[in-house]
Amino acid sequence: MRSLAAVCFIALAVVVLVAAGAASARFVDPPDSDVPAGTHPPQIGRFAVLVYNLNRGAKLKYVGVSNSVRHPHQGGVRYKMVVTAADASGGTAQYQVLVWGIPRTYQWMLLEFKKIN
């Protein structure tokens with residue numbers, strides 16, 4: 001009976017320690033030098049234009065990116081930025097872009113691509 005109580009106590013202690021560790025774990029925004037390859041704003045901007053073109057049959061060409069901000073969100077990183085793209089006639093426009101993804105994986109989604117007036 002004593003050994004069963006001891007095993008239960010140890011199991012409970014392990015569960016408490018694991019739960020405490022998980023509760024204290026939080027996303028830490030890495031410094032720019034430690035950001036995984038392919039997750040810098042220009043690459044995210046090119047990804048957004050490519051996905052938009054594939055989904056809408058558009059013929060936009062990536063020009064540049066500005067006002068890039070990244071935040072942790074649901075186990076990944078949410079990137080909000082302004083992307084400048086050129087249409088087939090060469091005219092440029094700016095688009096508000098929102099991309100979510102998990103660095104070092106293939107799990108990326110274009111959430112928003114709206115033309116800024």
Exercise for review: Look up atom CG in Leu110 and atom CD in Glu112, then write down how far apart they are to the nearest 0.5 Å.
Suggested key: 9.0 Å
Check your understanding: So do the side chains of Leu111 and Arg78 get within less than 4.5 Å of each other, counting heavy atoms only?
Key -> yes
N/O donor to acceptor pairs below 3.5 angstrom from side-chain atoms of residues 47-58, sequence neighbours left out:
residue: Asn53; atom: OD1; partner: Leu60; partner atom: N; Å: 3.0
residue: Asn53; atom: ND2; partner: Val49; partner atom: O; Å: 3.4
residue: Asn53; atom: ND2; partner: Leu60; partner atom: O; Å: 2.8
residue: Asn55; atom: ND2; partner: Val51; partner atom: O; Å: 3.3

Practice item. Write down the atom of Trp108, the atom of Thr105, and the distance for their closest heavy-atom approach. Key: NE1-O, 3.1 Å
Please set out all donor-acceptor pairs under 3.5 angstrom arising from side-chain atoms of residues 88-97, sequence neighbours excluded.
residue: Ser89; atom: OG; partner: Asp87; partner atom: OD1; Å: 2.8

Check your understanding: Do the side chains of Tyr62 and Val83 get nearer than 4.5 Å, heavy atoms only?
Key -> yes
Point to revise | Non-hydrogen atoms of Pro42 and Val65 that approach each other most closely | key: N-CG1, 3.9 Å
Study note, to complete from the structure: Output for pair (Gln107 CD, Ile102 CD1), nearest 0.5 Å, gives 4.0 Å
Check your understanding: Given the rule that I, L, V, M, F, W and Y join up when any side-chain heavy atoms are under 4.5 Å apart, are Tyr79 and Val63 in one cluster?
Key -> no
Check your understanding: How many angstroms lie between atom CZ of Arg70 and atom NE2 of His40, to the nearest 0.5 angstrom?
Key -> 8.5 Å
Review point. Do Val77 and Pro72 have side chains that get closer than 4.5 Å, going by heavy atoms?
Key: no
**Study point:** Non-hydrogen side-chain atoms of His71 and His73 separated by less than 4.5 Å
**Key:** no
